[in-house]
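Shown next, in structure tokens, is the structure this report addresses.
Values reported hereafter were calculated over all heavy atoms of this structure, with side chains retained and with hydrogens, waters and symmetry mates removed.
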Amino acid sequence: MSQSIKTLRQRWGGGHIEEYRKSTASFVPKQQFESISLQKKPLITAFHDSLSTIKDHLTGNYLFLLTDAKGVLLGMDYSDNLKQTVAKSKLRLGMYFTEKSCGVNAISAAMASNGPVYLLPEQHGSPLFQSWHCFSTPLEVNGETAGYLDVSTINADMKSELIAIAKLIPTDMLFRYEKQQAAEDLEQGLGTVQLTERQLKVLQLISQGMKVKAIALKLKIKESTVNHHKRMIFEKLGVQSSTEAVSIASKCAYL
């Protein structure tokens, strides 16, 4: 066990565990949590999208948690057979996973050590996780910690499998996160994009599945002129294909 984990464990070991048992977990106020969730929406979306590609292949009991950099629980997913267990527990979105709030856990240990941490059931100061094998790792974006991913299981036979998954998920998550963030930044910037009346008409016809030749006949203009309008539309919207142009335009109410 690393020295940092020993130190954390000592704070909540022995008689101090009763102090935690009498305490209640801390939660972010509802309005503040809604603000945090909105700000972290790309990360939350990336978390759920990443898990959707793997969880159908998992067996046994598993629990995935996502917190922000301060340890606030932003998202969670778990196996169907844990629904009642989770419902009866203190686990709720907005819960603080700091040591002060709920005792030593893998997330609080990862926050303290600034690196990945694996805790055995008996290494947890929090009774909430004293049956769990937990692995937590920071999620780094542009050199800064955006949050923490925790993968847990009750089944000791699954721990190696889930730890391997936990080491792979962040790469996929961060790839999805960057795409989500780029899309949001693009949409926010589109408020200043001005399309001419003719460009809007061309875009509308493109959305209907019409090709360049058909658009030219419909508008009674040259095909080269249609292609010019398409290039201008793509440039203004920051896209490279008709599909992307229609998708962005639909989200921003151009169509």
Side-chain angles (χ1 to χ4, degrees), residues 31-56 64 66-70 72-77 93 137-149 168-255:
Q31 188 172 359
Q32 183 181 347
F33 178 71
E34 289 175 352
S35 177
I36 294 172
S37 296
L38 184 61
Q39 181 184 1
K40 293 293 185 178
K41 183 180 177 182
L43 187 64
I44 296 170
T45 301
F47 169 73
H48 288 295
D49 286 350
S50 290
L51 295 186
S52 68
T53 64
I54 64 167
K55 65 181 185 178
D56 288 342
F64 294 94
L66 171 71
T67 76
D68 69 2
K70 295 182 179 180
V72 176
L73 184 60
L74 300 176
M76 58 180 175
D77 205 336
L93 295 182
T137 185
L139 298 170
E140 301 290 336
V141 178
N142 298 325
E144 296 184 359
T145 301
Y148 294 88
L149 172 71
L168 294 173
I169 289 177
T171 300
D172 182 63
M173 268 189 66
L174 295 179
F175 172 73
R176 293 172 185 269
Y177 169 79
E178 289 174 356
K179 288 185 66 176
Q180 287 283 336
Q181 190 64 63
E184 284 202 358
D185 291 344
L186 177 59
E187 287 182 31
Q188 291 173 4
L190 284 177
T192 59
V193 172
Q194 296 295 325
L195 297 179
T196 66
E197 184 177 345
R198 181 48 61 94
Q199 288 166 359
L200 285 170
K201 184 62 178 178
V202 169
L203 185 55
Q204 181 183 21
L205 295 175
I206 290 174
S207 71
Q208 295 173 6
M210 294 181 66
K211 304 299 183 183
V212 171
K213 185 175 182 179
I215 293 173
L217 290 172
K218 177 75 173 178
L219 299 180
K220 298 180 181 179
I221 57 178
K222 296 179 179 179
E223 291 183 31
S224 60
T225 303
V226 176
N227 283 324
H228 171 73
H229 287 313
K230 283 185 64 176
R231 283 195 299 272
M232 294 303 297
I233 292 168
F234 289 6
E235 183 178 326
K236 289 182 178 181
L237 296 182
V239 300
Q240 297 181 342
S241 71
S242 296
T243 301
E244 287 181 293
V246 171
S247 176
I248 293 294
S250 296
K251 290 179 181 178
C252 300
Y254 282 106
L255 297 175

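Here the straight-line distance linking atom NZ of K236 with atom CZ of R231 works out to 13.5 Å at 0.5 Å rounding. Considering CD1 of I233 and NE2 of H228, their distance stands at 10.0 Å, rounded to 0.5 Å. With rounding to the nearest 0.5 angstrom, the CG atom of L38 is 7.5 Å from the NZ atom of K41. Distance check: S242 OG to F234 CZ gives 3.5 Å after rounding to the nearest 0.5 Å. A distance of 10.5 Å separates CG of L203 from CD of Q208, quoted to the nearest 0.5 Å. If you take CG on L200 and CG on L195, they are separated by 5.0 Å, rounding to the nearest 0.5 Å.
Side-chain contact check for M232 versus H229: every heavy-atom pair is 4.5 Å or farther apart. In this structure the side chain of L51 reaches within 4.5 angstrom of the side chain of I169, judged on heavy atoms. Between L168 and I54 there is no side-chain heavy-atom pair separated by less than 4.5 Å.
The two atoms that bring Y177 and A46 nearest to each other are N-CB, 3.6 Å, heavy atoms only. Closest non-hydrogen pair, L66 versus L43, comes out as CD2-O, 3.9 Å. Nearest approach of A216 to K222, heavy atoms of both residues: CB-C, 4.0 Å. Closest approach of K230 and I206 over heavy atoms only: CG-CD1, 3.8 Å. Considering every non-hydrogen atom in both K201 and L219, the closest pair reads CG-CD2, 3.7 Å. Across T145 and P138, no two heavy atoms sit closer than the pair CG2-CB, 4.3 Å.
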Margin query: Quick one, T225 with R198, criterion side-chain contact (heavy atoms from CB on, under 4.5 Å). Give me CA distance, side-chain angles, the key distance, then yes/no.
Written below: CA-CA 11 Å; T225 303; R198 181 48 61 94; 6.0 Å; no
Notebook entry, point to check: When you look at M173 and F47, which way does the side-chain contact (heavy atoms from CB on, under 4.5 Å) test go after all the steps?
Noted result: CA-CA 6 Å; M173 268 189 66; F47 169 73; 3.8 Å; yes
Note to self: Quick one, V72 with T67, criterion side-chain contact (heavy atoms from CB on, under 4.5 Å). Give me CA distance, side-chain angles, the key distance, then yes/no.
What the structure shows: CA-CA 5 Å; V72 176; T67 76; 5.7 Å; no
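Put simply, the side chain of T45 never gets that close to the backbone of P42: no donor and acceptor are under 3.5 Å apart. Between the side chain of S207 and the main chain of Q204, a donor-acceptor pair closer than 3.5 Å is present. In this structure, the side chain of S37 engages the main chain of F33 through a donor-acceptor pair within 3.5 Å. Side chain of S52 to backbone of D49: a donor-acceptor contact under 3.5 angstrom is found.
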